[in-house]
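Notes follow the structure.
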Amino acid sequence: MGDLSDRYDPASVEPRWYREWESRGYFGADPAAAKTPYSIVIPPPNVTGSLHMGHALDNTLQDILIRYKRMDGANALWVPGTDHAGIATQYVVERQLAAEGKTKEDLGRAAFLARVWQWKAESGGTIITQLKRLGASCDWSRERFTMDPGLSAAVREVFVRLWEEGLIYQDDYIVNWCPRCQTVLSDLEVEREERDGEFVYIRYGPLTLGTVRPETKLGDTGLAVHPKDRRYATYVGQTLEVPSVQGIVSIRVVADEAVDPAFGTGVIKVTPGHDPVDFEIGRRHGLPVRTVIGFDGKMTALAGPYAGLDRFECRRRIIEDMQALGLVERIEPYRHAVGLCYRCKTVVEPLVSTQWYVNVKPMAEVALAAVRTRKIRIVPRSWTRTYEHWMKNIRPWCVSRQLWWGHRIPAWYCAADGSVHVSRTDLSACPDCGGAVRQDDDVLDTWFSSGLWPFSTLGWPEETSDLAVFYPTSVLVTGYDILFFWVARMAMFGLRIMGDVPFRDVYIHTLVRDAEGQKMSKTKGNVVDPLAFMDTYGTDAFRFTLGALAVPGVRDIRIAEDRIEGYRNFANKIWNAARLVLANLEGYAPERTRRAHLGIADRWIRSRLRATVKATRRALDRYRFNEAASIVYQFMWHEFCDWYLEIAKSRLYQMGDPVARAAAQRTAVEVLETTLRLLHPFMPFITEELWQRLPHSGESIMMAPYPKPARGTHDAAAEGEMASVIAIVGAIRSIRSESRIAPGVEVPVIIRPADAAAAARIGETGALIASLARARLEVVPGAVRPPHSAVAVTADAEVYVGLAGIVDLEAERQRLAREIERTAREVAQLESKLGRAEFVERAPAEVVERERGRLAEQHARHAKLATSLGALE
RNA sequence: AGGCGGGUAGCUCAGCUGGGAGAGCGCGGCCCUUACAAGGCCGAGGUCGCGGGUUCGAUCCCCGCCCCGCCUACCA
């Protein structure tokens, strides 16, 4: 085939094959198929988002697994889909409106939602197209969206059930409020950031206390000290009349364990309306909530003269006013953590309001047990601790959001009798009194619907065959950043609703950082676009890079461009190896060759292939993507290309010896074809393109069987002989290189085998050695070093390279001296080790034996080299 | 504060149950040898953070320390 260019051009191959696979229906799974099910649900990306590095890694790994299992005979299903991403999507559309000078209130709820749906229609296809570009073999006929009718029905069903079971309830509680987004945030949605602030010591009559939030003083309804703090015992229970910016105020002193007597003055002010700890203290002691900061982040009417001020402006003003009144004892600089909205980074305001909660505690216990009993296996296992810690300390999950985009809470309020009704169907009248009802304005936290993803996508609450066959899913692949947000919630919901784990394995991978190890973010401007990498280096090279970087561990990986370039070169290497093979297939007739015709190299590469197949499968089975990648890489490049093809070339060109040629052809084709299948999950496109051109059976590599270790191909003898060849050839090449012998010049070489067995081996492989080392070879048992020759010693031979007229005596002396020194060090080390009685007595016999063998070998080597050096004169 | 993880070749990192220190890139030398210069061959380069301990033997296990990350947290 002379029509292959000498460079692999991904752009001309990739789109063609993806279309082909898709149109032939290879991605689809059939629940009725009589095969072992293997299923994955995609972590749904934001519907209006675009592919970033994290997605690329996540989905490449999933595709590797699903392609591997599909080839390996499983009924493989990969369910794709997208998430409505409530707050994120709403935020984007709100910004679009702002650019037009409008707000969502200007549009009203219905029109705003229409606008979001429109935006979804416009941009929702982007990420799907990009996933296809990546080669993701998802079953697109099963694509889902969290706000599809079916999935919305699942959300409502779960909400109602949990309500009926008393696990969902409403509560007046202190929440994390984002004054900018105008919504409550779950604890997980609040980011912590260290900031410099001021610690202000304020006088409260006889007591002094420190605070970083003096403006909340206006909402104080108590003071608290530790119950065992003797300093303040006399004040506990008293109501103090203290001067303040609002005149004399009455304030009660309570004793509470939450106070740390060693911090500050040991006295705290209690502001139940604006601090979570204070809220709890207030509840314990019956202190009233006094809300002085509103949902807009401004001071309320209760703040008296400060009403209407921004909370931070109020802080400055109140400090000044207190200083004027002599109420400030001192101010110290103070660094502390503030809570920020994960979306817009606005400082979160703790506020009391009515919200919907899920009592996750009982579900968490079950989900915790599932991991402990290994019904869910977390890989790598180190994440189980983190998971356990979180599950054990879990608090009620606030699920209502004051947003418009999302699943509206299925609760209706009756204006007439004040009753609340949670219902599977929309209500138009109060079931109790028939009065008018109004649905709750809020929507559910995005993670509520994604928590149902493993079963809602398979059709639940309908009893579908998909659900019966593919649930629980086989593995969930995701980054550690959403272990709590998502993985833990799926575990809880799956066990509660389905009565079974949502997935058997969870493979947690790391995050992708830039080359400097920085987290990628739009604001930092260091976001690298995976599409650009695919354009420049090809999708296969990019995927292979991600696979090779996917180390089991918690250390984040850096995307390094030179690495991708290296694997681009790898793709090119494969391409050219295939070119060589394809160009020499004329008259290929595998049925006419027999095992007996196979040469050493043929047997060797087949034996190595077997080991490679075994190791690759083992690595993939354990989610060691990097190992699998490196094993195949090593084999393909450094064994198949560097040695086998180099050796096979001469036979492939040898039209005069059809038997030898056929054996080489057959081996080259079979090994290459198998390696392509082995590589396919990592590099789907190039492997398909080449596989199609090679002799093969079946219509596509992606539906061909994944290689299994071929029986009868393990060949210790051939591996031993090739190891000997490689060592001798390496020794000769090394001498050639150091002695500056031009590559074209043939050198005379005399080989002295170490023993009869070695002589036999080298007798078999002599011609091979000669051609690989460009040598005129003589095998002479008991040979002495000829004059003007350089010497090398391998495990089973002494090698004399004749350098008459070329050899530089002094250079050779130095080379030998270095070699001898190295060997002597080795010998000394081994001798001291073996000289210790404890080692010989207590180490396992095989270890001692191996060390003895090595010593003998090095000893002999040392002696031979020393002799040679002596003979140099 | 607690938890987790990292410190191995110039750079980025592997090193799975303790027993010969590896890869890629980079670097130096020689080669455009008809599959591939996105290539071939040869080579240099490491006190495995520091100090103890366990062990016949430690990059690996234990303790302490020094740096660097990350996550969780109601010290106002």
Side-chain angles (χ1 to χ4, degrees), chain A residues 4 6-8 174 187-188 192 199 209-213 216 224 258-260 262-265 267-271 275-281 334 336-337 350 382-383 385-386 389-390 393 480-481 483-484 511 515 517 519 537 541 548-549 551-563 565-584 618-619 622 624 626-627 630 633-634 641-642 645-646 649 652-653 729-730 733-738 740-744 774 826 829-830 833 836-844 846-848 850-851 854:
Chain A
L4 290 190
D6 63 356
R7 288 206 177 168
Y8 170 55
I174 189 141
D187 292 338
L188 280 176
R192 302 281 159 180
F199 201 56
L209 58 84
T211 179
V212 292
R213 300 201 57 196
T216 63
V259 183
D260 177 0
F263 187 86
T265 60
V267 184
I268 64 167
K269 59 194 215 46
V270 184
T271 320
D275 186 281
V277 182
D278 295 9
F279 183 81
E280 297 285 355
I281 296 175
Y334 187 66
H336 66 127
S382 46
W383 285 112
R385 264 189 96 107
T386 313
H389 180 259
W390 193 70
N393 296 296
Y480 65 77
D481 52 335
L483 182 61
F484 304 142
L511 305 184
K519 220 173 209 164
Y537 301 104
L549 286 172
V551 166
V554 299
R555 203 205 308 211
D556 288 344
I557 57 181
R558 304 185 185 200
I559 193 76
E561 197 154 352
D562 58 3
R563 194 97 188 245
E565 198 180 326
Y567 292 128
R568 187 269 316 264
N569 296 352
F570 179 49
N572 201 50
K573 189 75 182 175
I574 299 167
W575 182 258
N576 279 291
R579 276 213 312 149
L580 172 64
V581 173
L582 289 167
N584 291 285
R618 180 175 150 78
R622 301 197 305 160
R624 307 217 167 218
N626 65 316
E627 268 182 41
S630 116
Y633 177 94
Q634 201 64 26
C641 291
D642 285 354
L645 286 182
E646 288 306 320
K649 265 182 191 173
L652 288 174
Y653 297 155
V729 170
R733 281 175 177 170
S734 183
I735 288 169
R736 294 184 62 118
S737 177
E738 286 180 30
R740 300 288 137 87
I741 298 167
R774 284 243 169 172
E826 194 86 5
Q829 254 175 22
L830 288 163
K833 191 169 186 178
R836 283 199 315 271
E838 304 98 314
F839 172 68
V840 179
E841 283 159 20
R842 308 179 75 153
E846 73 225 48
V847 173
V848 176
R850 192 181 61 213
E851 299 297 83
R854 283 176 55 211

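Letters A, B, ... mirror the listed sequences (proteins, then strands); counts begin at 1.
F484(A) meets the ring-ring contact (aromatic ring centres under 6.0 Å, His included) test with W390(A); sequence neighbours excluded. Qualifying side chain to side chain donor-acceptor pair (under 3.5 Å) partners for R733(A), counting only residues two or more places apart in sequence or in other chains: none. Evaluation of the side chain to side chain donor-acceptor pair (under 3.5 Å) rule for Q634(A) yields no partner, not counting sequence neighbours. Under the side chain to side chain donor-acceptor pair (under 3.5 Å) criterion, E565(A) pairs with no residue at all, not counting sequence neighbours. For F279(A), the ring-ring contact (aromatic ring centres under 6.0 Å, His included) partners two or more places apart in sequence, or in a different chain, are Y173(A). For the side chain to side chain donor-acceptor pair (under 3.5 Å) test, no residue two or more places apart in sequence or in another chain qualifies with K573(A). With sequence neighbours excluded, no residue forms a salt bridge (charged side-chain N to carboxylate O under 4.0 Å, His left out) with E561(A). Y334(A) pairs by the ring-ring contact (aromatic ring centres under 6.0 Å, His included) definition with F199(A), H336(A), not counting sequence neighbours. Residues meeting the side-chain contact (heavy atoms from CB on, under 4.5 Å) test with R7(A), sequence neighbours left out: S5(A), N572(A).
Listed by first residue number, the stems of RNA chain B with at least three Watson-Crick or G-U pairs below 3.5 Å are B:1-7 with B:66-72, B:10-13 with B:22-25, B:27-31 with B:39-43, B:49-53 with B:61-65.
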*asked:* Protein within reach of the bases, or only the backbone? For nucleotides 69-76 of chain B, mark each nucleotide 5' to 3' as B, S or -, using heavy atoms under 4.0 Å.
replied: --SS-BBB
*Heavy-atom protein contacts under 4.0 Å, nucleotides 24-33 of chain B, coded B base, S sugar-phosphate only, - none*: SS---B-S--
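Here the nucleotide nearest the side chain of R624(A), chosen from G15(B), A38(B), C42(B), is G15(B).
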